[in-house]
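Structure first, then comments.
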Amino acid sequence: MVKSRELYEDALKLMPGGVSSPVRAIKPYPFYTFKAEGSRIYDVDGNGYIDYCLAYGPLILGHANQKVKFALKEQLDRGWLYGTPIELEIEYAKLITKLYRSIEMVRFVNTGSEATMSAIRLARGFTGRSKILKIEGGFHGSHDAVLVKAGSGATTHGTPNSAGVPEDFVRNTLQVPFNDVESLAEVVEKNRDELACVIMEPVMGNSSLIIPEDGYLKEVRKITNENDVLLIFDEVITGFRLALGGAQEFYGVEADLTTLGKIAGGGLPIGIFGGRREIMERISPSGDVYQAGTFSGNPLSLTAGYTTVKFIIENDVLRDVNRKTEELVKGLRDQVEDSNVNVNVDSIASMFCIYFGEKPRDYSDALKLDKVKYMEFFWKMLERGIFLPPSQFETCFMSYAHSVDDVEETIEVFGTCLRL
Ligand SMILES: *Cc1c(COP(=O)(O)O)cnc(C)c1O
């Protein structure tokens with residue numbers, strides 16, 4: 001990877017850490033991508049890898065899906081930014097409100113971060129209260145209110161509490177551990193008159209993979225209802241993945257507000273937030289909570305996102321990726337059993353994780369995982385053609401483009417790397 005190394009040396013002089021987003025700064029250097037197609041990503045030195053990082057979640061169809069590509073080409077021919085409403089906004093909004101029972105109205109924005117930032121502002125505006133409650137290790141993007149004990153790159157690089165966020169800004173951000181009903185009940189009850197919302201990833205995908213225990217989300221819903229506090233499910237990862245209607249459909253729990261992103265943009269930047277009409281109508285210009293964006297609802301993101309969701313529905317993609325994930329996880333577990341390494345593998349739908357240590361039930365457990373061993377393993381796998389996310393605190397994904405042969409090859413290489 002000579003060329004990648006040289007490029008990274010250049011990049012380090014021009015961009016902090018040499019990258020545009022922290023988790024990409026793999027030590028000693030990341031590979032630079034030349035192209036990607038289907039289940040494979042190819043670097044500038046001519047190596048190909050089976051990709052389970054998949055851009056951290058959006059690429060459920062794999063890279064460069066033909067249908068999405070053609071739809072984008074068609075849109076390109078008609079221009080790519082208008083600054084006016086387009087018909088596709090309505091079509092996409094109809095589709096989302098049909099798939100998500102809890103969503104009656106939506107607003108399209110540009111990133112998941114923007115969606116959670118706006119949803120929190122809306123919750124505060126609607127309730128007239130200032131405090132919010134998040135889950136330790138939960139990641140909701142990179143804006144001030146949520147950068148305390150934040151997962152993803154913030155945890156990977158040891159800065160879960162970001163510098164540059166005034167204490168005053170996060171004084172109103174409370175936290176409790178995941179899967180802990182008592183702590184949540186206690187904090188919500190104690191702060192109910194000041195608490196606007198609880199925001200959480202229903203399945204935590206940014207502090208390794210942490211799966212909710214039986215009944216936990218239903219309890220969360222009950223506690224927030226009883227205390228008249230809004231519940232925001234951040235489904236930026238789980239939306240259109242756990243089920244077409246996200247974790248809410250999967251677990252049978254409805255949120256007041258939902259944030260979507262990643263898959264929702266089909267590989268182009270997008271964020272969406274939505275919920276009950278009475279809440280959403282408080283958004284400007286129908287209401288007094290301001291939110292705006294030059295690129296919001298842009299034709300290319302809407303086209304890629306809408307085409308992707310339609311493709312998922314028409315090709316029963318979720319069944320396909322879930323089945324392949326199960327096969328893969330079963331194979332990986334067999335390999336672990338035959339070795340003597342303290343590694344665990346778990347999955348939900350098409351999200352899976354290789355834990356160097358015990359399977360966590362909350363953030364403090366996740367921090368006990370051996371992230372150094374994970375990265376050693378990451379490199380062994382990469383050298384043999386498998387690209388896992390470059391951090392123990394990220395989740396692996398399966399795509400529609402992965403073949404049964406890909407899965408078998410992955411199991412074999414995994415076994416080899418465990419024994420090295
Ligand atoms: C990725 C992610 C975000 C942020 O989305 P961006 O598009 O990167 O801003 C927010 N919430 C969750 C759960 C995410 O995984």
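Between the side chain of D45 and the backbone N or O of S4, at least one donor-acceptor pair lies under 3.5 Å.
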I'd like a table of donor-acceptor pairs (distance under 3.5 Å, sequence neighbours excluded) in which one partner is a side-chain atom from residues 68-77, with atom names and distances.
| from | atom 1 | to | atom 2 | distance (Å) |
| --- | --- | --- | --- | --- |
| Q75 | OE1 | R78 | NH2 | 3.3 |
| Q75 | NE2 | G79 | O | 2.9 |
| Q75 | NE2 | Y82 | OH | 2.9 |

Which donor-acceptor pairs under 3.5 Å do the side chains of residues 143-153 make with protein atoms, sequence neighbours left out?
| from | atom 1 | to | atom 2 | distance (Å) |
| --- | --- | --- | --- | --- |
| H143 | NE2 | T116 | OG1 | 2.8 |
| H143 | NE2 | M117 | N | 3.3 |
| S152 | OG | E394 | OE2 | 3.0 |

Exercise answer: donor-acceptor pairs, residues 11-34 side-chain atoms, under 3.5 Å, sequence neighbours excluded:
none

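Residue pairs meeting the side-chain hydrogen bond (donor to acceptor under 3.5 Å, both in side chains) criterion with at least one partner in residues 404-416, sequence neighbours excluded, are S39-D406, R40-D406, Y52-T410, S403-D406. Listed by first and then second residue, the ring pair (Phe, Tyr, Trp, His ring centres under 6.0 Å) pairs that reach into residues 304-333 are Y92-Y306, F311-Y400, sequence neighbours excluded.
Looking only at atom types and distance, the side chain of T258 has a donor-acceptor partner in the side chain of Q248 under 3.5 Å away. At a cut-off of 3.5 Å, with distance as the only test, a side-chain donor of N191 or K131 sits close to an acceptor on the other residue.
Once rounded to the nearest 0.5 Å, the distance linking CE of M375 with OG of S391 reads 7.5 Å.
Just one of I270, V236, T238, I60 meets the side chain to side chain contact (heavy atoms under 4.5 Å, CB included) condition when paired with K262; it is V236.
Partners of E201 by side chain to side chain donor-acceptor pair (under 3.5 Å), not counting sequence neighbours, listed by chain and number: N206.
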Apply side-chain hydrogen bond (donor to acceptor under 3.5 Å, both in side chains) to Q291 and R121, showing your working. CA-CA 9 Å; Q291 197 290 320; R121 184 184 305 141; over 6 Å; no
